[in-house]
Each structure stands twice: as structure tokens, then as C-alpha cells.
Amino acid sequence: MSETASSEPMLEINDLHIRFPVRRNMLGRVTVENHAVSGVDLTLMPGETLGLVGESGCGKTTLGRTIVGAQQATSGSIVYDGRDLTQLKNREKGRYRRQIRMVFQDPFSSLNPRMTLRQIIGDPLVATGEAKGAELEDRVAEMMRKVGLSPDYMDRYPHAFSGGQRQRVNIARALIVGPKLVVADEPVSALDVSVRAQILNLLRELQAEFGLTYLFISHDLSVVENIADRVAVMYFGKIVELADTAELYEKPSHPYTEALMSAVPIPDPSRRGRTGRVLLPDDLPDPTKPPPGCAFASRCRYAEAGRCDTGEVDFVDGVRCVRSEELELQGIAKTDAQ
């Protein structure tokens, strides 16, 4: 894992809300909205990897897409290099899109089957007018070598490559314009287990070489444990816990984090401090009608009526839970051999 190079945040997210219209009236006014992200506050430090975890539908991908400018925020701010990205005009966005890039989840659908690797990887340089001709080819070849692909494959099409190789192409395309921040959205979830380790090692190597900062989005806590410096746990559009990786895995403070931990496959039984898995009821809140109090209360085995399901639950000392100081939650403790 990397060490942060500065005490100043690279990216600051403040009270970010992202809502999608679900229903409109006859006048076209929105009457029902899906609350995808609700009041998120996060900071990313230069050179670190911040893991963002949670179930499908919790808002983590929407948050990532908003950071790279692919989705518009409803309110709040995303401050990068002293500028609020949510307030940039179109002509100003190009500079920041080069500095903040995204690696997508699916290495199959994210590559145009009609384009060669030369075109796919070089496209960002062509779009910005940064290189052409021999210079373009040289930079594509160099980036291919950086991600472990032979430049001899430059004129081949995506269908000729495995999932792991295609993800290397995705990474090369993201890095070729020299970004400082990379949002990696489930970058290994579609890959075989053996290939996942190779891609994670590649990401670490590239981070060290180029001084990259990662927002690593995943639902797989076993993957995040091996790459993240800090972990933010997201539930129902909110950050419910944020801590250093070792601290969070050893002793979580939010019941939802504990439930996620209990689902992580552990080959060594001595690492697990509990017996069995925490099974969560399926009664998820309606995203168009956020409940009062803690959104996790309806699924939480520690919830207290009249305390957890009423009023706003503040984010205090890295956790959003009114009972956090009372509960002794179980994580995944490391053994002395690890």
C-alpha cells in the first residue's frame, strides 16, 4: 500500500446529493425522486487508495461516475485542485477529465469491438490533440508495455484477448493521458480469481510508478483489504463507516460493516472471531422514500425502536450509528502469521 505524499487532500467531497427523477406530473415537474447518494462527505489524500464498499445499489458507482463527470450532482461539492468540479463550465471540464480517469468494471462491454488496441488506447490522446502519427504510436506502445501487453498486439481487436488482457487495455486507456486520480469501479469483479491477483498487483505497481491516487470501488471486502489504505462503507447512499483498513477489518463499528465482514470467505478459521454468517433481511428501504433515523435499522439485529428509527443519525468519529460505543462487533482479526 502507498503512503500519502501530502497532508492536503487531493479531493474533497462535501454534502453530496445525487437524485434521479422517477415520476413527473403533467407539467413535467419531478414528483418522485430516487435518492441515490445522500449527503456524502469524503476526502482522498494524494497517493492513497481509498476503498469504497457496499452492496449493489448502495450508490457507490453513481458516486464514482459523478467524480469523473459522467453524472451530474444534485447538490453539494466535489473540490479538486481548488475547483468545485460540479460548477465547471463545459470548456473547463477537459482539463480535469484528463486528471481524473475511470477504469470500468466489465472488460468485455467497455471496449469497442470495432476498434483496434491502437485506437482504443490512443483515443484519449487523439481527443485532446495531444499526440498523433509516430508520437501517438510510440506512446501507445509504451503504455502497452507498462500494463504488460506486447506492442505487437496493437492492431488486434478486443475479441482476440482474455478478460484479464482486456482489463489491462482498459487500464492503459485510463492512464495514457497521465491522470493523478483513478476511479476503479469493480475492476476485478468480472475476472477469474487467479487473474484478479495479477490485475491488483499491476494496479499497485502503476500507483508506485506514477504516484497515482485510487478510489477503489468494490463489493468484495477480501479484495479491498489487500489494496486499500482506508475503507469507506456505503449503505443506502450514505457513508456509514470510515476507518483505516486494518482497524476496520479487526474491529468494525457499524453493524452493517460487521454483516459484510461475516460474508467474507476465510480459509483460515483462526482469523474469524465469530461463528456463522450474519444474515440480513431483504426488506430494503424504498430509495424514493428515505426512512427517518438509520436506514439500516429495519435490517439491523441491534436496532432499538424509538432510538434507531427516528431522527437524523450523525456521522461521528468515523461511524454513523447511535449505538456504536455500546456494541462489541466482530471483524476479521489477523493472525500472527499474517
Side-chain angles (χ1 to χ4, degrees), residues 1-2 47 49 61 64-65 67-70 94 96-218 220 223-224 226-227:
M1 295 183 187
S2 63
T49 298
T61 292
R65 286 174 52 82
I67 291 172
V68 300
Y96 292 95
R97 283 175 179 162
R98 290 175 57 190
Q99 295 188 31
I100 305 175
R101 303 285 290 171
M102 193 165 195
V103 175
F104 297 94
Q105 173 180 358
D106 191 345
F108 299 95
S109 63
S110 59
L111 301 178
N112 189 330
R114 295 184 176 87
M115 295 175 69
T116 64
L117 266 57
R118 178 200 307 267
Q119 295 170 315
I120 291 170
I121 297 172
D123 184 62
L125 293 175
V126 174
T128 59
E130 196 171 324
K132 60 182 179 180
E135 181 186 358
L136 175 65
E137 182 166 337
D138 289 346
R139 290 183 63 173
V140 170
E142 178 62 18
M143 186 52 66
M144 289 183 70
R145 282 190 284 266
K146 293 287 187 185
V147 300
L149 294 171
S150 171
D152 295 339
Y153 300 155
M154 197 180 293
D155 292 315
R156 296 187 184 182
Y157 292 87
H159 71 265
F161 299 93
S162 66
Q165 289 173 316
R166 294 188 197 192
Q167 197 60 297
R168 291 174 187 267
V169 174
N170 262 323
I171 294 169
R173 175 175 59 183
L175 298 188
I176 198 162
V177 290
K180 295 180 179 179
L181 170 61
V182 174
V183 177
D185 184 15
E186 300 272 11
V188 297
S189 64
L191 306 178
D192 293 338
V193 174
S194 60
V195 180
R196 290 183 187 183
Q198 297 173 16
I199 297 300
L200 290 175
N201 288 334
L202 174 64
L203 289 171
R204 290 192 196 95
E205 293 167 4
L206 294 169
Q207 182 177 41
E209 180 173 355
F210 296 113
L212 298 171
T213 300
Y214 290 144
L215 176 63
F216 191 95
I217 300 171
S218 181
D220 189 336
V223 169
V224 171
N226 290 311
I227 195 170

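Note that the structure is predicted; figures quoted are calculated from it, not measured. The analysis underlying the following values was restricted to heavy atoms, covering all of them including side chains, and did not include hydrogens, waters or symmetry mates.
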With sequence neighbours excluded, what pairs up with [X] under the side chain to side chain donor-acceptor pair (under 3.5 Å) test?
X      : answer
Asn201 : Arg204
Arg173 : Asn170
Asp106 : Ser109
Gln99  : Tyr80

Quick one: do Arg97 and Val68 satisfy side chain to side chain contact (heavy atoms under 4.5 Å, CB included)? Show the steps, please. CA-CA 7 Å; Arg97 283 175 179 162; Val68 300; over 6 Å; no
Residue pair [X] / [Y]: nearest heavy atoms and the distance that separates them:
X      : Y      : result
Ala190 : Pro107 : CB-CD, 3.9 Å
Val183 : Gly64  : CG1-CA, 3.9 Å
Ser218 : Val224 : CB-CG2, 3.7 Å
Leu202 : Arg168 : CD2-NH1, 3.7 Å
Val140 : Gly122 : CG2-CA, 3.7 Å
Val177 : Pro124 : CG1-CB, 3.6 Å

Side chains of Phe216 and Pro187: does their closest heavy-atom pair fall under 4.5 Å? yes
Pairwise side-chain contact, Val169 with Pro158, heavy-atom cut-off 4.5 Å (strictly under): no
When rounded to the nearest 0.5 angstrom, what distance separates [atom1] in [X] from [atom2] in [Y]?
X      : Y      : atom1 : atom2 : result
Leu181 : Ile67  : CG    : CD1   : 7.0 Å
Leu111 : Leu117 : CG    : CG    : 7.5 Å
Ile227 : Leu200 : CD1   : CG    : 5.0 Å
Gln165 : Leu149 : CD    : CG    : 6.5 Å

Side chain to side chain contact (heavy atoms under 4.5 Å, CB included) evaluation trace for Tyr214 with Val103: CA-CA 10 Å; Tyr214 290 144; Val103 175; over 6 Å; no
Tell me, which pairs form a ring pair (Phe, Tyr, Trp, His ring centres under 6.0 Å) where one or both residues lie in residues 110-153, sequence neighbours left out? Tyr153-Phe161
Excluding sequence neighbours, so at least two apart, what forms ring pair (Phe, Tyr, Trp, His ring centres under 6.0 Å) with Tyr157? none
What residues, two or more places apart in sequence or in another chain, satisfy ring pair (Phe, Tyr, Trp, His ring centres under 6.0 Å) together with Phe104? none
Mind checking what makes salt bridge (charged side-chain N to carboxylate O under 4.0 Å, His left out) contact with [X], not counting sequence neighbours?
X      : result
Asp152 : none
Arg98  : Glu130
Arg118 : Glu137, Asp155
Arg145 : Glu142

Side chain [X], main chain [Y], donor-acceptor under 3.5 Å:
X      : Y      : result
Gln119 : Thr116 : yes
Tyr96  : Gly69  : no
Gln167 : Val188 : no

Go through it in stages, so that I can follow the logic: the residues are Lys146 and Leu175, the test is side chain to side chain contact (heavy atoms under 4.5 Å, CB included), and I'd like the CA-CA distance, side-chain angles, deciding distance and then a yes or no. CA-CA 10 Å; Lys146 293 287 187 185; Leu175 298 188; over 6 Å; no
Test Ile171 against Val182 for side chain to side chain contact (heavy atoms under 4.5 Å, CB included), laying out the working first. CA-CA 9 Å; Ile171 294 169; Val182 174; over 6 Å; no
Sequence neighbours excluded, every pair satisfying side-chain hydrogen bond (donor to acceptor under 3.5 Å, both in side chains) that has a member inside residues 180-192: Thr61-Asp185, Gln105-Ser189, Glu186-His219
